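Keep in mind the model is a prediction, meaning the values are calculated, not measured. Throughout, residue positions are numbered sequentially from 1 according to the sequence presented.
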Amino acid sequence: MENLSFRDGNIFNLLQTRSKEPSHDVDQRMQLHSSLVRRLSQEQEMEGHEGCVNAISWNSNGSLLISGSDDLRVNIWNYSSRKLLHSVDTGHTANIFCTKFVPETSDELVVSGAGDAEVRLFNLSGLSGRADDDNAIVPSALYQCHTRRVKKLAVEPGNPNVVWSASEDGTLRQHDFRESTSCPPAGSAHQDCRSVLLDLRSGAKRALADPPKQTLSLKSCDISATRPHLLLVGGSDAFARLYDRRMLPPLTSCRKRMPPPPCVNYFCPMHLSERGRTNLHLTHVTFSPNGEEVLLSYSGEHVYLMNVNNGTGTMQYTPGDVTNLFSFSNILHDVKSPPRVSTSPQNGFHRNGIATTLKKCTELVEIAKRSLEEGTDVFYAIEAANEVLDAHYNDIESALRHECLCTRAALLLKRKWKNDAHMAVRDCQNARRINASSFKAHYYMSEALQQLGKCKEALEFATAAQQLNPSDADIVAKVESIKRDLQAAGAEKNEEPEGGTARVLSLSDILYRSEANSDSSHDMSRSEREESDYDEELEVDIQTSMSDDEGRDPDSNAMRGSLNLRIHRVGDDKPMENTGDNASSGTASSSQNDRTSYQPEGAIDMKRRFVGHCNVGTDIKQASFLGQRGEYIASGSDDGRWFIWEKQTGRLMKVLVGDEAVVNCIQCHPFDSVVATSGIDNTIKIWSPIASVSSIVAGGSAGPATANVVEAMESNQQKLSRSRENPLSVELLQRFRMQEFAEGNFHPFECTQS
């Protein structure tokens, strides 16, 4: 894949075009041309903070960069000189997570949000004439109406009067500087701030079919630059939500919990919509520059691209479609990959016409098939198949398309990265649509379903494949393997005691329920709770014991002992059992009634996935569009690297070492070929295309260039898998404070550990 050309053509041709016919479109295409992306390297490291840098943002013309840090300061940097202009002592009492320039204010007004649940507005003109060490400013506005950490701020281009804040208290608030410049702290007697635009304290969903019930702790929000009435939010469940601000009810007070307003669209990859995993949540959501796409970054998951509009190329699904996707008897039209738009015939593969394209695609499929047979270079073979299917899907004949789909499915099943089996299922069903009698499609479908633990469905496909080719030894062995798995599952079921297997409540279940209800206890009096849809409070009594022969394991460097939990509702004398089906029997009927009366909504499925990074350790990790055209996707990673992919195909373009621990923030300059990044280090790195030769890797002050990219990505995938299997480790439990258990403040650690 290193020798594969890029579809944006030769940059010298663009330069010649611009010299003859200057155009804004050519300027946009040149900002992050593939040849420049491959030459990105660290240009400078800007020092000025004394803690993790959790937020960075450019002003509208790119002349200034603003940053917020754990050191409770907001810094303003000059782009031209790469020097620190101001370091504002904000007065926040907890980590700053978000900061922005307020538009159309000559960059004099800046706003910050922090872990102290406050939003503060500052006028930088107050710093003029002061000494360098005199940087404390009295806030021009101070909003204290949130009850939990403020994780993200949003501003509307051209609007100097309003800022929106998203908080883990489940509300998104609209602060209008013209109406008020302060509000009392949440919970105070005189607090009646009517600023709640979205009340999602009963808005979280465990699955697409479930009614919203728990608190949606908001982690991220964004406003479309092209259609500013559109608002995107993401938080503590798997679903990003799109709202039209023109259709929302008037601003309300937080004193009474409101039902969640209807959204325009839910966004969630189909394979994540029904898991009901309590630790699955979004860390970042954002619109593309043209507002037609959204990008979602998940904790413990990958980065996903989706279309905004329900038009051509958009796949919308319902809860029933998820089950049908694995069915032998149903090949839904919805599982078909959305139509791809072919690239321009003047550039890249197409410059010599469609014949050249077909020849190149055939060669790429052969490369992928050869890699599958030899079992080598699987990652690059998958990228070759992606190039064919994602960039030239409509340019190739159905037979070649079928062959490529089956080959990619087999390669995904061999690689076995997180959710690769789900992607293989999609490819196999699409291959069956082309050829309903395809042996390969049925065989690989059975393998994918077996990897997913769906042995009954896998046997159906394996049996069908055996009927299509009875003499194939591999399918005979596959049928027997699946039958053994089914027998083992049946034997295990027969060994269960009467009444079924006792259900053990996981700690993540407890924390999810406790967090869902604890928000309202901070906001409402007891009488108000009784009048609202407040469900219940939970208390967790913790007892630890450690005998002489337990203690620290010298080999694993971990504490060994026992942790006993007693769970009971506040006001109840009898604790809840932490095992047994009776533990949930009291709520089972009401939950069933909720499901019966609730009419599930549809969701928009992914159109592309970007893999290789790891997002587990922090809760503020961004995924961003790069460039004015948004043709590249970038994400930070827990291994101190940041990754750049081509948006159209998911092809990995660049891996750069940007931090000694974790890269969290990535922001592209509005016009220049420059990217700013930050993370656990107390510095900001500036990247520009200064490398003498193009390369897929780049090092910097945080470390040398990655020697083996695939090996680094394999390590990241192992971390993701461990996160899925052990969402709350013993080490993490030891870091919880007793006060947090009592108050229900179960939050990931932003800077050092999630």
inquiry  = Let's go through Ser701 and Gln42 carefully: what are the C-alpha distance in whole Å and the side-chain angles of both, what is the deciding distance for side chain to side chain contact (heavy atoms under 4.5 Å, CB included) to 0.1 Å, and is it a yes or a no?
reply    = CA-CA 8 Å; Ser701 59; Gln42 184 179 314; 3.1 Å; yes
inquiry  = Between Val308 and Arg227, is the side chain to side chain contact (heavy atoms under 4.5 Å, CB included) condition met? List the steps.
reply    = CA-CA 12 Å; Val308 169; Arg227 292 177 288 178; 3.9 Å; yes
request  = I would like to know whether Val709 and Leu652 meet side chain to side chain contact (heavy atoms under 4.5 Å, CB included); could you show each step before the answer?
outcome  = CA-CA 10 Å; Val709 172; Leu652 183 66; 3.6 Å; yes
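Between Val102 and Val110, every side-chain heavy-atom pair lies at or beyond the 4.5 Å cut-off. Counting heavy atoms from C-beta on, the side chains of Leu218 and Ser167 never come closer than 4.5 Å. By the 4.5 Å heavy-atom criterion applied to side chains, Ile56 and Ser67 are counted as neighbours. Annotation: side chain of Arg178 is in contact with side chain of Val162 (closest heavy-atom distance under 4.5 Å). When side chains are defined from C-beta on, Val150 does not count as touching Glu118, because their heavy atoms never get closer than 4.5 Å. Proximity of Leu85 to Leu64: side-chain heavy atoms (C-beta onward) are separated by under 4.5 Å at one or more points. For the pair His281/Lys219, a side-chain contact is recorded, criterion being any heavy-atom separation below 4.5 Å from C-beta on. In this structure the side chain of Trp77 reaches within 4.5 angstrom of the side chain of Ile684, judged on heavy atoms.
Asn682 and His49 share no donor-acceptor pair across their side chains, judged by distance under 3.5 Å alone. Checked by atom type, the side-chain pair Gln622/Ser635 shows no donor-acceptor distance below 3.5 Å. Defined by atom type and a distance below 3.5 Å, a donor-acceptor pair is missing between the side-chain atoms of Glu47 and Thr683. The closest side-chain donor-acceptor pair between Asp176 and Ser180, if any, does not fall under 3.5 angstrom. No hydrogens or angles considered: nothing links the side chains of Asn716 and His613 as a donor-acceptor pair under 3.5 Å. Donor-acceptor pairing under 3.5 Å is lacking for the side chains of Asn54 and Asn664. Side chains of Thr283 and Asp619: a donor-acceptor N/O pair is absent below 3.5 angstrom, by distance only. For the 3.5 Å distance criterion, the side chains of Thr706 and Arg641 qualify, holding a donor opposite an acceptor. At a cut-off of 3.5 Å, with distance as the only test, a side-chain donor of Ser87 or Asn75 sits close to an acceptor on the other residue.
Looking at residues two or more places apart in sequence or on another chain, you find a side chain to side chain donor-acceptor pair (under 3.5 Å) between Ser195 and Arg173. Under the rule for a ring-ring contact (aromatic ring centres under 6.0 Å, His included), the partners of His175 that lie at least two apart in sequence or sit in another chain are Tyr143. Qualifying side chain to side chain contact (heavy atoms under 4.5 Å, CB included) partners for Pro157, counting only residues two or more places apart in sequence or in other chains: Ala225. Taking the side chain to side chain contact (heavy atoms under 4.5 Å, CB included) definition, one finds that Val74 meets it with Ile66, Ile76, Val88, Thr90, Ile96, Thr99, Ser112, sequence neighbours left out. Applying the side chain to side chain contact (heavy atoms under 4.5 Å, CB included) criterion to Ser182, with sequence neighbours excluded, gives no partner residue.
Taking OG from Ser140 and CZ from Phe177, the interatomic distance works out to 9.0 Å, rounded to the nearest 0.5 Å. Rounded to the nearest 0.5 Å, atoms CG (Leu65) and CG (Asn59) are 8.5 Å apart. Interatomic distance, Leu296 CG to Arg609 CZ, rounded to the nearest 0.5 Å: 15.0 Å. With rounding to the nearest 0.5 angstrom, the CD1 atom of Ile620 is 12.0 Å from the OG atom of Ser299. For the atom pair OG1 (Thr618) and CD1 (Ile680), the distance works out to 6.0 Å, reported to the nearest 0.5 Å. If you take OG on Ser673 and CG on Leu32, they are separated by 5.5 Å, rounding to the nearest 0.5 Å.
Salt bridge absent: Lys685 and Glu43 never bring a charged side-chain N and a carboxylate O closer than 4.0 Å. The pair Asp71-Arg73 fails the salt-bridge criterion, with no side-chain N (NZ, NE, NH1 or NH2) lying under 4.0 Å from an Asp/Glu carboxylate O. Checked for salt-bridge contact, Lys647 and Glu631 miss the test: no charged N lies under 4.0 Å from a carboxylate O. The existence of a salt bridge linking Arg82 and Glu45 is excluded, since no basic side-chain nitrogen approaches an acidic carboxylate oxygen closer than 4.0 Å.
Counting all heavy atoms, side chain and backbone alike, Pro670 lies closest to Gln628 at O-CG, 3.2 Å. Taking each heavy atom of Lys719 and Cys614 in turn, the nearest pair found is CB-SG, 3.6 Å. Scanning all heavy atoms of the two residues, the minimum distance from Val233 to Leu172 falls at CG1-CD1, 3.8 Å. Nearest approach of Ile666 to Gly636, heavy atoms of both residues: CD1-N, 3.4 Å. Minimum heavy-atom separation, Phe287 to Asp222: N-OD2, 2.8 Å. The two residues Ser165 and Leu153 come nearest to each other via the heavy atoms CB-CD2, 3.7 Å.
Under the 3.5 Å distance criterion, the side-chain polar atoms of Asp672 are left unmatched by any main-chain donor or acceptor of Val674. In this structure a side-chain-to-backbone donor-acceptor pair under 3.5 Å is present from Asn615 to Tyr298. Here the side chain of Lys621 pairs no donor or acceptor atom with the backbone of Ser297 at under 3.5 angstrom. Between the Thr171 side chain and the Val196 main chain, no donor and acceptor come within less than 3.5 Å of each other. Side chain of Thr649 to backbone of Arg651: a donor-acceptor contact under 3.5 angstrom is found. In this structure, Asp638 contributes its side chain and Val616 its backbone to a donor-acceptor pair below 3.5 Å. Checking side-chain atoms of Ser220 against main-chain N and O of Gly234 turns up no donor-acceptor pair under 3.5 Å. A donor-acceptor contact shorter than 3.5 Å links the side chain of Ser217 to the backbone of Glu168. Under the 3.5 Å distance criterion, the side-chain polar atoms of Ser288 are matched with a main-chain donor or acceptor of Glu292. Using a distance-only test at 3.5 Å, with no hydrogens or angles considered, a donor-acceptor pair links the side chain of Arg608 to the main chain of Gln648.
Taking the six-membered ring for Trp and thresholds of 30 and 60 degrees, Trp645 and Phe643 have nearly parallel ring planes, at less than 30 degrees apart.
Just one of Gln144, His92, His146, Arg149 meets the side-chain hydrogen bond (donor to acceptor under 3.5 Å, both in side chains) condition when paired with Asp116; it is His92.
Contacts classified as ring pair (Phe, Tyr, Trp, His ring centres under 6.0 Å) and involving residues 680-715 (residues at least two apart or in different chains) are given here: Trp642-Trp687.
For Tyr79 and His669, the gap between ring centers is short of 6.0 Å. The distance between the ring centers of Phe101 and Trp58 does not fall below 6.0 angstrom.
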